[in-house]
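Since we're looking at a predicted model, the values are computed, not measured.
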Amino acid sequence: MRREYSLRRNKEFRYVYKRGKSVSDRNFTLIYVKTKTPHLKVGFSVSKKLGNSVERNRIKRRVKEAFFSMLDGVSKKCLLVFVPKEHVKEAAFEEILLSVSRLLRQAGLLEN
RNA sequence: UGAGAAGGCCGAACGGUCGCCCGGUACAAAAUGUGCCGGGAGGAAAGUCCGAGCUCCGUAGGGCAGGACGCCGGGUAACGCCCGGUGGAGGCGACUCUAAGGAAAGUGCAACAGAGAUAUACCGCCUGAUGUAUGUCAGGCAAGGGUGGAAAGGUGAGGUAAGAGCUCACCAGAGCCUUGGCGACUUGGCUGCUAUGUAAACCCCGUCCGGUGCAAGAUUGAUAGUGGGCAUGAUGCGGCUGCCCGCCGCGCCCCAUGUAAUCGCUGGAGCCUAUAGGCAACUAUAGGCGUAGAUAGAUGACCGUUUUCGACAGAACUCGGCUUACAGGCCUGUCUCAAAAC
RNA sequence: GGAGAAGUACCCAAGUUUGGCUGAAGGGGCUCCCCUGCUAAGGGAGUAGGCCGGGGUAACCGGCGCGAGGGUUCAAAUCCCUCCUUCUCCG
């Protein structure tokens with residue numbers, strides 16, 4: 001279920017970085033591209049500067065968890081990349097939920 | 001009781017709701033989806049510092065070059081690792097640390113200082129001549145001064161013109177004999193009187209080493225793309241020229257590069273227990289166990305209980321070590337020192 | 001995941017081969033002067049180099065400092081070991 005929604009190859013990431021627009025707050029930068037076909041894909045790119053591999057995996061899991069909990073409301077016609085920032089490390093889960101939904105709304109991808 | 005020393009172990013647990021990765025199975029099956037069952041990170045998974053397996057390339061065999069290791073004996077698939085011992089250094093001690101072969105095979109280097117740096121005579125000391133301004137000349141000496149990291153064994157006594165292993169005692173070193181030991185080494189004795197340091201400088205001696213790292217490599221499909229080459233193979237087409245030889249161009253071909261999937265991918269020098277051998281590392285035998293395999297890369301969110309909310313940190317082909325990071329806690333009828341009591 | 005390379009003053013750096021008057025060349029920089037109506041560019045002259053301590057707080061003197069910590073050596077930026085950081089290459 002989750003596999004089909006994920007960005008796979010480095011090529012796909014590069015495509016999003018090149019063509020995408022971005023919105024950000026203190027926790028994330030969200031880079032997005034609107035597409036014509038309805039196939040949603042998401043990637044999570046955590047910089048090595050944010051910590052060691054344990055810390056980076058933890059950030060990725062928490063952000064994934066937050067995003068997939070609101071999956072039903074998100075438009076299917078887009079490609080997304082979340083880039084977490086330093087501040088996420090101390091953030092509570094509710095704060096992550098809040099800023100994910102705020103960024104999606106800013107990008108105009110959240111329906112309802 | 002206080003202060004230490006040594007060795008070993010653990011490194012949050014349990015329950016509930018939703019969710020992730022792999023395998024098996026049932027149902028529907030084109031893709032896959034759903035249900036059930038089972039499994040799912042570490043003592044360092046880390047650094048990539050050594051040693052192997054495995055892979056492809058190279059290779060008759062041997063040598064040179066280059067690199068690694070270096071007290072002795074043993075263990076191991078192997079090692080730069082481990083165990084036991086020897087010498088040295090530190091500690092009152094339990095004990096710890098130790099790149100620890102050769103400087104008497106040869107070469108290089110040792111700045112500055114100092115008279116002199118592997119050899120010497122500046123200040124000196126002594127004798128003789130000359131001479132009386134206590135200097136000059138010739139010879140002897142290396143004890144004292146000064147410089148330096150280092151100045152031709154050290155300390156004391158005898159000896160002497162002054163001195164010197166010149167002689168003697170003790171200590172240190174070298175060679176020979178000898179006691180014990182497989183050996184490093186050690187016990188005792190004799191001889192002679194000395195030989196600066198540096199080999200983590202070149203080097204000598206002994207032992208070992210081909211390169212490459214799973215992004216290795218293999219298979220299948222797709223594209224028959226892009227760049228280069230006509231050296232080789234094959235002689236298909238065109239040209240020089242009507243034919244043969246020859247030459248040139250294109251294509252087959254050869255080389256490089258580019259895309260996807262599958263395999264490699266986990267059962268291995270494996271782990272646990274018992275017995276036997278060994279001081280030990282470890283080995284042998286018997287019985288038992290089945291223990292991640294992802295590919296943008298699997299453990300989270302919320303809640304409850306355990307009084308304390310908890311370190312360093314995430315497998316990526318696999319093993320054996322080393323090194324580095326680490327909250328807190330536990331174990332040993334272990335050992336040492338100090339004080340007190342018996 | 002694997003294979004390498006580098007780290008020297010505020011910046012760019014030479015020196016590491018063959019250890020020694022190298023706190024460390026040189027350039028940028030900074031200060032002053034010339035040029036110009038003024039500036040930039042250009043030309044000329046000069047200058048301190050970091051931290052700690054002592055000094056009239058000036059000249060100057062001593063110690064430590066070449067990514068960090070150990071070791072070899074009389075002596076280490078240089079030789080050896082361990083660790084840290086940055087960069088490059090391999091599909």
Asks: Expressed in whole Å, how much space separates the C1' atoms belonging to B:C265 and C:G7?
Replies: 40 Å
Asks: Do any side-chain nitrogens or oxygens of A:Lys64 fall under 4.0 Å of OP1 or OP2 in B:U299?
Replies: no
Asks: Roughly how many Å apart are B:G210 and C:C64, using the P atom of each and rounding to a whole number?
Replies: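 Here C:C64 and B:G210 have their P atoms 49 Å from each other.
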Asks: Give me syn or anti for B:G165, where syn covers glycosidic angles within 90 degrees of 0.
Replies: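 Syn.
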Asks: With a 3.5 angstrom cut-off on both distances, give the Watson-Crick or G-U wobble partner of B:A281, or none if there isn't one.
Replies: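 In the structure as shown, B:A281 has no Watson-Crick or wobble partner.
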Asks: Taking the six-membered ring for Trp, are A:Phe82 and A:Phe28 parallel (under 30°), tilted (30 to 60°) or perpendicular (over 60°)?
Replies: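 Plane angle over 60°, so perpendicular.
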Asks: Suppose we screen for side chain to side chain donor-acceptor pair (under 3.5 Å). Which residues come up paired with A:Ser101, at least two apart in sequence or across chains?
Replies: none
Asks: For the pair made of CD in A:Glu95 and C1' in B:C302, what is the distance, rounded to whole Å?
Replies: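 From A:Glu95 CD to B:C302 C1': 17 Å.
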Asks: Starting from C1' on B:C18, measure out to CD on A:Glu65 and report it in whole angstrom.
Replies: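 In whole Å, B:C18 C1' lies 8 Å from A:Glu65 CD.
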Asks: Can you check side-chain contact (heavy atoms from CB on, under 4.5 Å) on A:His87 and A:Glu95, steps first, answer last?
Replies: CA-CA 11 Å; A:His87 191 263; A:Glu95 193 186 340; 3.5 Å; yes
Asks: What distance, rounded to whole Å, do you find between the two P atoms, one in B:G239 and one in B:A234?
Replies: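 Between the two P atoms, the distance is 25 Å.
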Asks: Does any nucleotide pair with B:A6 by Watson-Crick or G-U wobble geometry, both distances under 3.5 Å, and what is it?
Replies: B:U332
Asks: List in chain and number order the residues that pass salt bridge (charged side-chain N to carboxylate O under 4.0 Å, His left out) with A:Arg61, two or more places apart in sequence or in another chain; answer none if no residue qualifies.
Replies: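 Counting only residues at least two positions away or on another chain, A:Arg61 forms no salt bridge (charged side-chain N to carboxylate O under 4.0 Å, His left out).
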Asks: For B:U308, give the paired nucleotide (Watson-Crick: N1-N3 plus N6-O4 or O6-N4; G-U: N1-O2 and O6-N3; both under 3.5 Å), or none.
Replies: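 In the structure as shown, B:U308 has no Watson-Crick or wobble partner.
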Asks: Can you tell me, in whole Å, how much space there is between the C1' of B:U257 and that of B:C250?
Replies: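 Comparing C1' positions in B:U257 and B:C250 gives a spacing of 23 Å.
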Asks: Expressed as a whole number of Å, how far does the P atom of B:U48 sit from that of B:G16?
Replies: 43 Å
Asks: Which base, if any, makes a Watson-Crick or G-U wobble pair with C:C38, both distances under 3.5 Å?
Replies: none
Asks: Should B:A269 form a Watson-Crick or G-U wobble pair with both distances under 3.5 Å, which nucleotide is its partner?
Replies: none
Asks: Find the distance A:Ile59:CD1 to B:A313:P and express it as a whole number of Å.
Replies: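 Rounded to the whole Å, the gap is 15 Å.
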Asks: Strictly by Watson-Crick or wobble contacts shorter than 3.5 Å, is anything paired with C:U85, and which nucleotide is it?
Replies: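 With both distances under 3.5 Å, C:U85 matches C:A6.
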Asks: Roughly how many Å is it from CZ in A:Arg61 to C1' in B:C302, rounded to a whole number?
Replies: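 Distance check: A:Arg61 CZ to B:C302 C1' gives 16 Å.
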Asks: From CG of A:Leu80 over to P of B:A296, roughly how many Å is that when rounded to an integer?
Replies: 18 Å
Asks: For nucleotides B:U187 and B:C166, find the distance between their P atoms and express it as a whole number of Å.
Replies: 30 Å
Asks: Let me know the distance between CZ of A:Phe67 and C1' of B:C18, rounded to the nearest Å.
Replies: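 Whole-Å distance recorded here is 18 Å.
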Asks: Tell me whether the OP1 or OP2 atom of B:G300 has a side-chain N or O from A:Arg58 closer than 4.0 Å.
Replies: no
Asks: Locate the shortest heavy-atom distance separating A:Ile96 from A:Val88; write the atom from each residue and the value.
Replies: CD1-CG1, 4.1 Å
Asks: 5'-most contact on RNA chain B: A:Phe44 or A:Arg62, nearest heavy atom basis?
Replies: A:Phe44
Asks: For B:U291, does the glycosidic angle fall within 90° of 0 (syn) or outside that (anti)?
Replies: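 What B:U291 shows is a syn base, its glycosidic angle lying within 90° of 0.
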Asks: What distance separates A:Ser24 OG from A:Leu103 CG, expressed to the nearest 0.5 Å?
Replies: 7.5 Å
Asks: Does B:G297 have OP1 or OP2 under 4.0 Å away from a side-chain N or O of A:Asn57?
Replies: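 The answer is no; no side-chain N or O of A:Asn57 sits under 4.0 Å from OP1 or OP2.
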Asks: What's the base orientation of B:A296: syn (chi within 90° of 0) or anti?
Replies: anti
Asks: Identify whether the glycosidic angle of B:U307 places it syn (within 90° of 0) or anti.
Replies: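 Syn, since the glycosidic angle lies within 90° of 0.
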Asks: Does B:A142 have a Watson-Crick or wobble mate here (both distances under 3.5 Å), and if so which one?
Replies: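 Matched B:A142 with nothing under the 3.5 Å cut-off.
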Asks: Between C:G65 and C:U22, how far is it from one C1' atom to the other, in whole Å?
Replies: 14 Å
Asks: Mind telling me whether B:G43 is syn or anti, cutoff 90° either side of 0?
Replies: syn
Asks: Take atom C1' in C:A25 and the same atom in C:U8, then report the distance between them in whole Å.
Replies: 12 Å
Asks: Using purine N1 to pyrimidine N3 plus N6-O4 or O6-N4 for Watson-Crick, or N1-O2 and O6-N3 for G-U wobble, both under 3.5 Å, which nucleotide pairs with B:A261?
Replies: B:U219
Asks: Taking side-chain contact (heavy atoms from CB on, under 4.5 Å) as the criterion, tell me which of A:Thr29, A:Leu30, A:Ile31 meets it with A:Val23.
Replies: A:Leu30
Asks: In whole angstrom, give the distance that lies between atom CG of A:Asn52 and atom P of B:A315.
Replies: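 About 10 Å, once rounded to whole Å.
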Asks: Using heavy-atom distances to pick each residue's nearest nucleotide on RNA chain B, tell me which of A:Glu55 and A:Glu94 is more 5'.
Replies: A:Glu94
